[in-house]
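Here the structure comes first, spelled out in structure tokens, and everything after it is commentary.
Lettering of chains follows the sequences in order, A, B, ..., and the numbering in each one begins at 1. In this text, all values refer to a predicted model and were calculated from it rather than measured experimentally. FYI, side chains are in, hydrogens and waters are out, and symmetry mates aren't considered; it's all heavy atoms of this structure.
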2 protein chains.
Amino acid sequence: MATIQDVAKKAGLSRTTVSRVINEHPYVTEEKKRLVTQAMQELNYVPNSSARRLRRQQTETIAVYVPRITNPFFSHLVEVMEKEAAKKGYQLILCQTRYKKEQERNFLELLKTKQVDGLILTSIENDWSEFEPYLSFGPIVVCNEYSDSAQVPSVYLNQIEGSYLGTKHLIDQGYTKIGYCTGNHKSSRVSKDRKIGFLQALDEAGIMMKEEWFFYNAYSVQDGFAAFKKLSELDDKPQAVFTGSDEVAAGIAKAAFDAGWKVPEDIAIIGFDNQPLAALMDLTTVEQPIDTIAKQAMNLMVEAIQAKKPLSRKEVILPFQLIKRSST
Amino acid sequence: MATIQDVAKKAGLSRTTVSRVINEHPYVTEEKKRLVTQAMQELNYVPNSSARRLRRQQTETIAVYVPRITNPFFSHLVEVMEKEAAKKGYQLILCQTRYKKEQERNFLELLKTKQVDGLILTSIENDWSEFEPYLSFGPIVVCNEYSDSAQVPSVYLNQIEGSYLGTKHLIDQGYTKIGYCTGNHKSSRVSKDRKIGFLQALDEAGIMMKEEWFFYNAYSVQDGFAAFKKLSELDDKPQAVFTGSDEVAAGIAKAAFDAGWKVPEDIAIIGFDNQPLAALMDLTTVEQPIDTIAKQAMNLMVEAIQAKKPLSRKEVILPFQLIKRSST
DNA sequence: TTGTAGGCGTTATCAC
DNA sequence: GTGATAACGCCTACAA
């Protein structure tokens with residue numbers, strides 16, 4: 001491995017000058033610049049990034065927290081973030097928290113030990129107070145999730161509006177008996193807000209909700225199957241279901257189909273996210289602008305790192321869109 | 001930021017002793033160990049990883065190449081790899097090549113500049129000769145893909161066997177007019193082998209293939225739509241289709257359904273991968289043991305890094321499994 | 001069992 | 001314009 005010293009020797013110059021050329025500093029003659037470049041090429045020299053990191057006290061690396069990368073919502077988010085980061089010369093370290101508080105806390109060491117310049121959280125398991133102390137080690141940006149107490153920027157969607165939009169659509173189609181099938185992290189404001197928006201739409205339309213039409217802890221296709229089973233055994237069945245994800249919606253649709261039900265005649269279903277899956281299953285869904293979320297979050301992060309200023313609380317709220325298909 | 005020096009001063013000891021405690025070296029009295037631990041806690045000290053990297057000449061980080069993380073096959077692979085890596089104390093850097101040669105080459109700098117200890121390739125765009133020179137900078141492991149000339153370990157599946165298995169299944173069901181709808185990277189041995197296995201199964205059964213029943217460049221759901229369109233316009237239509245991915249199979253199934261065709265009566269379809277999507281659409285499919293591939297590849301990599309020995313060519317070939325559902 | 005000192009490869013600060 | 005020189009924070013011969 002050639003070092004900067006070797007290059008200097010070969011070019012008959014000092015390390016300083018070589019370093020200047022590498023980092024495109026001014027005050028170097030064209031002549032010497034050429035000499036250095038040539039020496040670098042001959043030695044097949046590349047700057048050692050560990051040394052650079054130590055010297056510059058920064059890593060050009062950003063950690064991204066996701067629960068699981070196989071969840072299409074998060075893989076989409078990460079895909080866009082990686083592209084955006086690469087464009088600006090940053091790498092991404094992938095941290096899968098697996099919805100576990102402890103995992104999430106473990107990864108915080110990355111920031112503390114200076115392995116990354118900053119953290120982007122796309123989901124939050126722990127209380128914000130767990131993150132707070134780490135702010136002194138580098139910037140943190142929250143996206144998708146949000147927390148009232150987080151003293152950092154959050155890029156997110158107004159989930160009240162999103163579920164309101166979806167529910168309103170069902171109501172406009174004439175349904176009055178509407179089920180609600182979502183995950184239900186009690187701690188998560190996303191869950192809370194979705195429910196608020198849902199109830200608000202019902203309320204405005206003067207529609208009643210029954211306790212037995214709430215189905216919780218639904219995250220996956222499998223959960224959708226289970227929810228349909230419960231739903232289909234009710235005496236008084238809902239005519240439509242609002243769901244918290246396209247997977248759940250797809251699961252319900254599939255189970256309904258297998259049971260000989262027709263969608264939307266026997267049961268209308270609305271998904272959330274607008275994943276490719278939704279198009280495939282012809283599901284009406286509430287689209288989240290994932291690309292925009294990812295880009296904005298990454299931009300905020302890179303700005304923060306480069307400005308070397310601590311970030312303050314700030315909310316970037318993006319709009320939803322309803323994608324109408326044949327499941328409603 | 002406290003350094004090892006600060007801790008030493010506070011504990012009234014030398015840097016060496018502190019370092020010994022941190023790295024769990026022998027020959028330190030319990031007494032001093034306690035002193036050091038306490039000082040570390042009081043100062044909220046954490047070793048700086050950039051300095052460690054420089055000193056130890058290793059990064060505890062591994063780069064994983066994928067075309068796109070949103071492709072479920074690859075996100076599954078990465079999910080398992082990240083878990084496995086974390087278990088062994090390694091981080092993962094995500095490199096999306098976007099199926100582009102240049103992107104792929106760019107990321108090679110990571111190895112050269114010592115930002116990662118090794119590279120795992122899950123897809124290969126460039127000729128192996130592009131990678132070869134980088135072997136002197138660290139280990140490379142290939143998985144999923146394989147190349148005859150690669151002088152490193154490859155963990156992969158015998159794709160001839162996989163497509164043979166799927167095709168044989170179709171033949172056993174009584175279909176004699178079978179279409180073939182896959183991607184077709186000419187350079188990729190995966191494509192070539194799949195085709196060999198397909199033709200072999202036909203050949204053994206004495207079945208004829210028509211040129212017009214080959215549909216290439218099919219990777220996505222959208223491509224499945226397009227393939228179905230072409231297929232449905234043929235005078236002599238195949239009764240069954242072998243596909244190279246569940247997405248394509250799903251696309252065909254959806255398009256067929258929309259056109260009023262029945263699956264498998266009017267057209268039988270077999271997918272590849274056994275993604276969640278396949279279960280949802282009730283697709284028969286050839287399952288690839290992704291977990292095993294990922295784990296084996298990661299283990300090979302970590303062993304190579306720790307042994308500090310260059311890797312040699314080696315093939316780990318894993319078996320397929322047929323998952324039978326209602327699309328055939 | 002503990003401490004001293006040098007160096008990993010860069011870059012920033014001064015002099016010249 | 002260019003070149004010494006001193007850090008960045010850690011680990012590890014070697015010495016004591």
D:dT12 phosphate, OP1 or OP2: any side-chain N/O from B:Y27 under 4.0 angstrom? no
For the pair made of NZ in B:K112 and P in C:dG9, what is the distance, rounded to whole Å? 17 Å
To the nearest angstrom, the OH-C1' distance between B:Y45 and D:dG9 comes to 7 Å
When the distance from CG of B:L54 to P of C:dG6 is rounded to whole Å, what number comes out? 18 Å
Does D:dC11 have its OP1 or OP2 closer than 4.0 Å to a side-chain nitrogen or oxygen of B:S19? yes
For C:dT2 and B:K32 - does any side-chain N or O of the residue sit under 4.0 Å from the phosphate oxygens OP1/OP2? yes
Kindly indicate, with the supporting measurements, whether the criterion side-chain contact (heavy atoms from CB on, under 4.5 Å) is fulfilled by B:V116 and B:F107. CA-CA 11 Å; B:V116 300; B:F107 284 121; over 6 Å; no
Under 4.0 Å, counting only non-hydrogen atoms across every strand here, what does A:V46 touch: a base, just sugar-phosphate, or nothing? sugar-phosphate
N/O (side chain, B:S50) to phosphate O (OP1/OP2, D:dC8) under 4.0 Å: no
I want to check one thing: is the phosphate of C:dT2, taken as OP1 and OP2, less than 4.0 Å away from some side-chain N or O of B:S14? no
If only side-chain N and O atoms count, and only distance matters, is there a donor-acceptor pair under 3.5 Å linking A:R53 with A:T61? yes
Should the pair B:R105-B:E102 be classified as a salt bridge under the 4.0 Å nitrogen-to-oxygen rule? no
Return the nearest nucleotide to the side chain of A:I4; candidates are D:dC11, C:dT2, C:dT10. C:dT10
note: B:L13, atom CG; D:dC11, atom P; distance rounded to Å ~ 16 Å
Can a side chain N or O of A:T29 be found less than 4.0 Å away from OP1 or OP2 on D:dT2? yes
Distance in angstrom units between A:R52 CZ and D:dA7 C1', rounded: 17 Å
Short side-chain N/O contact to C:dC8 OP1/OP2 from A:N48, under 4.0 Å: no
Given D:dG9, is OP1 or OP2 found less than 4.0 Å from the side-chain N or O atoms of A:Q57? yes
Send over the distance from B:M1 CE to D:dA7 C1', rounded to a whole Å. 17 Å
From CD of A:Q58 over to P of C:dT11, roughly how many Å is that when rounded to an integer? 11 Å
Regarding A:P47, tell me which of base, sugar-phosphate or nothing describes its non-hydrogen contacts under 4.0 Å with the strands shown. sugar-phosphate
Electrostatic pair B:E315-B:R313, nearest N-O below 4.0 angstrom: yes
Report the distance from atom CD1 of A:I22 to atom P of C:dA12, rounded to the nearest whole Å. 11 Å
Using a distance-only criterion (donor-acceptor N/O pair, under 3.5 Å, no hydrogens), is the base of C:dT10 paired with the side chain of A:R15? yes
Between A:T59 and A:D117, does any side-chain donor sit less than 3.5 Å from a side-chain acceptor? yes
If you assign each of A:R20 and B:T16 to its closest nucleotide in DNA chain C, which residue comes earlier from the 5' end? B:T16
Side chains of A:M298 and A:I62, heavy atoms from C-beta outward: is any pair under 4.5 Å? yes
OP1 or OP2 of D:dC10 less than 4.0 angstrom from a side-chain nitrogen or oxygen of B:R56, does that happen here? no
With nearest nucleotides of DNA chain C determined for B:V28 and A:H25 from heavy-atom distances, which residue corresponds to the more 5′ nucleotide? B:V28
Once hydrogens and angles are ignored, does a donor-acceptor distance under 3.5 Å link the base of C:dA12 to the side chain of A:R55? no
